Amino acid sequence: ETNHKRVAIFRTVPYGSTDAVKAGWQKEVDEMAREFQWYWQYHNRNWIFDVRGFVMEYEGVTGSPSYCRTQTTEFYDAGNCGDFQPNYWYIWGGSGGKCGTAILGGNRAVIYDNVGCGQHTADHEGGHTFGIHHAGLISANGEVHEYGDDTDLLAANGWGFNSPHMIQMNMDTGREIKIVDHTQQVLIVPIETSYHSMHEQTDQHILVKQLDAPTLHISLRKDRGYKFAQIKGTGDRLYVHIYERDKKTKRLDPYMRVG
């Protein structure tokens, strides 16, 4: 049941909106729901996604701590969701000082109407409700950028998922993971490689266990021939991520040395 994500996205419109206005927004929220379902199902075949869009009359504060809880419950109890029984409730509307907000590991999120916010925000906030933190970057000068890992959806402009998040959400398990706790040679293939294309002696995620230090995730990402390729260059790129004990991730700048 926890792997069945039934997500309702409620697009808010002013009270008294015409049928034409509601119909227009219904098309928009249906498109957001389709894209959300496709994106998450594409990346995570171990979960089942059912995402629906609804138009709801409401004017007020859409953000935390209420997330329109009373209004969405009344909307649902009135039968406006038909036989759909959501276990995740997202609001699309209102305004705030950022693109969105969500309860980490909860089931409520908001996608604001701010300029530049939209589908990426919906997918990003969904990640928070599914339990994953922001994807950070440690730059060459040691500065930490909370949204800096552009290999991951949970950054400011990233797509796809980094190695720690893929494992945390059970996108890859067992066969694709190699745990290293002593000096040894490993064969690594890009994390986009399909399971059936992998040789039995190759791995996609190399987890380096350190004494009294966070685990390091080493992964190889494709730069071409992949829908969510991050870097457009001349070859595949190796990444090192730190996976903290609090489940936060930080990618090391490619010019930094480990150890």
Side-chain angles (χ1 to χ4, degrees), residues 1-41 43-44 47-135 146-147 153-157 169:
E1 179 66 22
T2 57
N3 289 338
H4 190 176
K5 311 298 184 182
R6 299 185 302 276
V7 180
I9 303 176
F10 299 90
R11 170 66 222 189
T12 63
V13 297
Y15 288 111
S17 294
T18 65
D19 290 343
V21 168
K22 292 179 182 178
W25 278 114
Q26 187 65 58
K27 290 181 180 179
E28 295 288 336
V29 73
D30 285 344
E31 179 64 19
M32 178 178 281
R34 282 193 297 269
E35 288 294 322
F36 185 100
Q37 178 167 325
W38 178 88
Y39 182 86
W40 278 94
Q41 197 68 77
H43 284 93
N44 196 334
W47 292 351
I48 299 172
F49 292 88
D50 189 357
V51 187
R52 311 281 181 89
F54 304 94
V55 173
M56 180 183 74
E57 291 186 331
Y58 176 69
E59 292 177 276
V61 179
T62 56
S64 58
S66 68
Y67 295 88
C68 298
R69 187 180 301 269
T70 299
Q71 292 75 21
T72 53
T73 299
E74 291 176 351
F75 185 89
Y76 174 80
D77 289 343
N80 293 306
C81 295
D83 59 357
F84 185 59
Q85 299 180 351
N87 52 11
Y88 291 86
W89 307 67
Y90 301 169
I91 301 298
W92 179 20
S95 62
K98 49 190 174 181
C99 277
T101 184
I103 300 175
L104 186 68
N107 66 347
R108 300 273 171 173
V110 174
I111 305 101
Y112 291 119
D113 269 336
N114 297 348
V115 175
C117 307
Q119 190 67 53
H120 185 275
T121 301
D123 299 339
H124 175 112
E125 300 303 334
H128 287 319
T129 64
F130 303 150
I132 55 179
H133 286 279
H134 287 141
E146 183 179 358
Y147 297 86
L153 171 68
L154 272 293
N157 297 302
M169 291 187 290

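All figures in this text were calculated on a predicted structure; none of them were measured in a lab.
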(message) For the OG1 atom of T73 and the CH2 atom of W89, what is their distance to the nearest 0.5 Å?
(response) 5.5 Å
(request) Flag the pair D113 and R11 as a salt bridge only when some basic side-chain nitrogen lies within less than 4.0 angstrom of an acidic carboxylate oxygen. (result) yes
(message) If you define the side chain from C-beta out and look only at heavy atoms, does anything of W38 sit under 4.5 Å from V51?
(response) no
(request) Starting at CD of Q71, measure out to CZ of R69 and round the result to the nearest 0.5 Å. (result) 11.0 Å
(message) Between T129 and N107, is there a side-chain heavy-atom distance shorter than 4.5 Å?
(response) no
(request) Would you name the heavy atoms of A122 and I111 that are closest together and state the gap between them? (result) CA-CG1, 3.7 Å
(request) Please check if the side chain of T62 supplies one atom and the backbone of G93 the other of a donor-acceptor pair under 3.5 Å. (result) yes
(request) Might you confirm whether atom NZ of K98 has over 12 heavy atoms from other residues, nucleotides or ligands at distances under 6.0 Å? (result) no
(message) Would you say that more than 12 heavy atoms from the other residues, nucleotides or ligands in this model lie under 6.0 Å from the CG of D19, or not?
(response) no
(message) With side-chain contact (heavy atoms from CB on, under 4.5 Å) as the criterion, how do Y58 and E74 come out once you've worked through the C-alpha distance, each side chain's angles and the decisive distance to 0.1 Å?
(response) CA-CA 12 Å; Y58 176 69; E74 291 176 351; over 6 Å; no
(message) Looking at H128 and L104, would you say the former's side chain and the latter's main chain have a donor-acceptor pair under 3.5 Å?
(response) no
(message) Checking the side chain of D123 only, and the main-chain atoms of Y39 only, is there a donor and an acceptor separated by less than 3.5 Å?
(response) no
(message) Nearest 0.5 Å, please: how far is CZ in R108 from OG in S66?
(response) 9.0 Å
(request) Ignoring hydrogens and angles, tell me if any N or O in the side chain of Q26 forms a donor-acceptor pair with the backbone of G53 under 3.5 Å. (result) yes
(message) So which atom in E125 and which in A109 form the shortest heavy-atom distance, rounded to 0.1 Å?
(response) CB-CB, 4.0 Å
(request) Using ring-ring contact (aromatic ring centres under 6.0 Å, His included) as the criterion, point out the one residue from W92, Y90, F75 that pairs with F10. (result) F75
(request) Would you indicate whether the side-chain heavy atoms of K5 and F36 approach each other to under 4.5 Å? (result) no
(request) Please check if the side chain of N87 supplies one atom and the backbone of H4 the other of a donor-acceptor pair under 3.5 Å. (result) yes
(message) How long is the straight-line distance from NE2 of H43 back to CG of L153, given to the nearest 0.5 Å?
(response) 8.0 Å
(request) Would you give the length of the straight line joining atom CE of M169 to atom CD1 of I132, rounded to the nearest 0.5 angstrom? (result) 3.5 Å
(request) Kindly give the heavy-atom pair with the smallest separation between I9 and V29, and that separation in Å. (result) O-CG2, 3.5 Å
(message) Between F84 and D50, is there a side-chain heavy-atom distance shorter than 4.5 Å?
(response) yes
(request) Determine yes or no for a side-chain-to-main-chain donor-acceptor pair under 3.5 angstrom, with E57 supplying the side chain and G16 the backbone. (result) yes
(message) Any non-hydrogen side-chain atom of H120 less than 4.5 Å from a side-chain atom of E35?
(response) no
(message) Whether the side chain of Q41 engages the backbone of W47 through a donor-acceptor N/O pair (distance < 3.5 Å, no angle test) should be reported.
(response) yes
(message) The test is side-chain contact (heavy atoms from CB on, under 4.5 Å); show your working for H133 and E146 and say whether it passes.
(response) CA-CA 10 Å; H133 286 279; E146 183 179 358; over 6 Å; no
(request) For the pair Y88 and F130, name the ring-plane relationship: parallel under 30°, tilted 30 to 60°, perpendicular over 60°. (result) perpendicular
(request) Please report the C-alpha distance between V110 and Y67 in whole Å, then the side-chain angles of each, then the deciding distance to 0.1 Å, and finally whether the side-chain contact (heavy atoms from CB on, under 4.5 Å) criterion is met. (result) CA-CA 7 Å; V110 174; Y67 295 88; 3.4 Å; yes
(request) Working to the nearest 0.5 Å, report the span between CZ of R52 and CD of Q37. (result) 8.5 Å
(message) Is any side-chain heavy atom of T12 closer than 4.5 Å to one of W25?
(response) no
(request) For side-chain contact (heavy atoms from CB on, under 4.5 Å), just list the numbers for N80 and M56, CA-CA rounded to whole Å, side-chain angles, deciding distance to a tenth of an Å, and then say yes or no. (result) CA-CA 9 Å; N80 293 306; M56 180 183 74; over 6 Å; no
